[in-house]
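What follows is a set of notes on a single structure, which appears directly below.
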Amino acid sequence: MGPGDLRQALAALTPGTDARLLIGHETFDDAGIFRLSDDLALVQTVDFFAPIVDDPYDFGQVAAANALSDVYAMGGEPLTALSIVGFPTGKLPLEVLSQILRGAQDKVHEAGASLVGGHTVTDDEVKFGLSVTGRVHPDRILSNANARVGDRLVLTKPIGTGLVATAVKRGSATAGHEAVMVASMKRLNRLASEAAQPCGARCATDITGFGLLGHAAHIARASAVTLRLDVAAVPVLPGAREAWAAGLRTGGAERNDAFLDADVHWGSVTAEQRALLVDPQTSGGLLVAVPADRVADYLSRVEGGVIVGDVFPRGEHLITLTG
């Protein structure tokens, strides 16, 4: 489902009226937040998908890291997770499912949370993910709506998982490119989230299916600002450019591109750069808006963080591309 389809579907819903609902679907944030007390709120999210890698243990780890990332994007701490499974019983050995679940459990434990149960249905293909519950102090929430003019934008993982994964499925990716992609997708966004608050950040999102530009547009729209991105500064996974040059494309990227076309001032970006910026990601990094005078401190705390842009007053477009 593309961002336009999701926005149209959610338009039929009325905003929540419970004052304890601090964040619902209106700002297209990564999770919902519900206040329990003055100093405690629940963070709730769910995400699942078909395998993006062949190894079932790795798939469980990637799917878990992807779901946990929604809690981190809100500044939260994951507490519990429930598994969501679609499995072709009788077509694949149950050991495959066991390995997926073991991978997920190990990643959930790495996050300091507990896998407490789940639900399984028979399906024609494997699908797996988690529903995650976390906690956050109501005054320490990271939200799409909190970017401020003058903030610098930091991206904490390279983009390109959609293109590299497609190359892996076609058998054209090198083992090295696949290994780097899998390692990136399995890495938790925990440190990137925990470093945000001490450095004065109040806005973050994780980069997943709508691509870097799609999720950046959510920030720009919710915060009523324009984001200026330096395309040359955006880190890219090895093998992603090679996959694009070989003619590999994804339907998700095409939908993202079409939805964003009028909201982005594309400048002089190349076709390759444009494809990478709309490439659907799985378990991507956080895009964090950090006060300019604290960005060096933030980068010193975060593995792989790169400054990729800045926040400006709202202009004609949600996003302006340079470089």
Side-chain angles (χ1 to χ4, degrees), residues 23 27 29-31 33 43 65-66 68-78 110-112 134-160 183-208 211-220 222-237 277 281 283-313 319-323:
I23 294 183
T27 53
D29 271 290
D30 297 289
I33 297 185
V43 185
N66 183 77
L68 291 161
S69 184
D70 286 342
V71 175
Y72 291 134
M74 307 304 295
E77 172 194 359
E110 181 184 336
R135 65 181 174 187
V136 68
H137 192 289
D139 296 335
R140 299 170 187 163
I141 295 169
L142 302 175
S143 169
N144 283 343
N146 291 339
R148 293 165 288 196
V149 173
D151 284 349
R152 307 221 68 187
L153 299 170
V154 176
L155 182 64
T156 65
K157 288 185 186 181
I159 61 174
S184 178
M185 292 191 298
K186 292 196 303 186
R187 178 158 59 90
L188 292 174
N189 283 319
R190 181 176 186 171
L191 292 179
S193 176
E194 291 176 347
Q197 286 291 341
C199 294
R202 293 293 181 269
C203 172
T205 189
D206 73 328
I207 309 304
T208 50
L212 175 58
L213 290 191
H215 292 282
H218 289 162
I219 288 178
S223 296
V225 295
T226 288
L227 305 189
R228 182 179 296 174
L229 296 181
D230 179 359
V231 178
V234 175
V236 177
L237 284 169
L277 293 170
Q281 303 301 287
S283 193
L286 298 187
L287 182 64
V288 187
V290 185
D293 60 349
R294 302 297 303 278
V295 72
D297 185 14
Y298 182 74
L299 291 173
S300 72
R301 300 168 182 246
V302 177
E303 176 187 354
V306 177
I307 297 173
V308 296
D310 299 273
V311 181
F312 286 83
I319 299 170
T320 297
L321 302 180
T322 64

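In this structure, Thr320 OG1 and Leu229 CG are separated by 8.5 Å, a value rounded to the nearest 0.5 Å. Between the OH atom of Tyr72 and the CG atom of Leu188 there is a distance of 5.0 Å, given to the nearest 0.5 Å. How far CG of Asp29 is from SG of Cys203: 8.0 Å, rounded to the nearest 0.5 Å. Between the CG atom in Asp30 and the CG atom in Leu142 there is a gap of 10.0 Å [rounded to 0.5 Å].
The heavy-atom pair separating Gly75 from Ser193 by the smallest distance is CA-OG, 3.7 Å. Taking each heavy atom of Leu287 and Ile207 in turn, the nearest pair found is CB-CD1, 3.9 Å. Taking every heavy atom of both residues into account, Gly150 and Ala292 meet most closely at O-CB, 3.6 Å. Of all heavy-atom pairs spanning Ser69 and Leu286, the tightest one is OG-CD2, 4.1 Å. The two residues Gly76 and Pro78 have their closest heavy-atom pair at O-CD, 3.9 Å. Between Ala147 and Ser223, the shortest heavy-atom distance links the atoms N-OG, 3.0 Å.
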Determine, step by step, whether Leu227 and Val311 satisfy the side chain to side chain contact (heavy atoms under 4.5 Å, CB included) criterion, reporting the C-alpha distance in whole Å, the side-chain angles of both residues, the deciding distance to 0.1 Å, and the verdict. CA-CA 5 Å; Leu227 305 189; Val311 181; 3.8 Å; yes
Can you check side chain to side chain contact (heavy atoms under 4.5 Å, CB included) on Ile23 and Met74, steps first, answer last? CA-CA 10 Å; Ile23 294 183; Met74 307 304 295; 3.6 Å; yes
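A side-chain donor-acceptor contact under 3.5 Å links Gln281 to the backbone of Gly160. The backbone N or O of Asp70 lies less than 3.5 Å from no partner atom in the side chain of Asn189, so there is not a single donor-acceptor pair. Between the side chain of Asp230 and the backbone N or O of Ala232 there is at least one donor-acceptor pair closer than 3.5 Å. Side-chain atoms of Arg301 do not come within 3.5 Å of backbone N or O of Glu194 as any donor-acceptor pair. In terms of modelled atom types and a separation under 3.5 Å, the side chain of Tyr298 and the main chain of Ala192 share a donor-acceptor contact.
Using a 4.5 Å cut-off on side-chain heavy atoms (C-beta onward), Leu321 and Ile319 make contact. The shortest distance between side-chain heavy atoms of Val154 and Val302 does not fall below 4.5 Å. Counting only heavy atoms from C-beta outward, the side chains of Asp151 and Pro291 approach each other to under 4.5 Å. No side-chain heavy atom of Pro158 sits under 4.5 Å from any side-chain heavy atom of Val306. At least one side-chain heavy atom of Thr322 sits less than 4.5 Å from a side-chain heavy atom of Arg228. Taking the side chain as every heavy atom from C-beta outward, Met185 and Asn66 never approach each other to under 4.5 Å. At a threshold of 4.5 Å between non-hydrogen side-chain atoms, the residues Glu303 and Arg187 count as touching. Proximity of Arg140 to Arg202: side-chain heavy atoms (C-beta onward) are nowhere separated by under 4.5 Å.
Heavy atoms from other residues, nucleotides or ligands lying under 6.0 Å from CZ of Arg148 number more than 12.
Judged purely by distance below 3.5 Å, without hydrogens or angles, the side chains of Thr27 and Asn144 never pair a donor atom with an acceptor atom.
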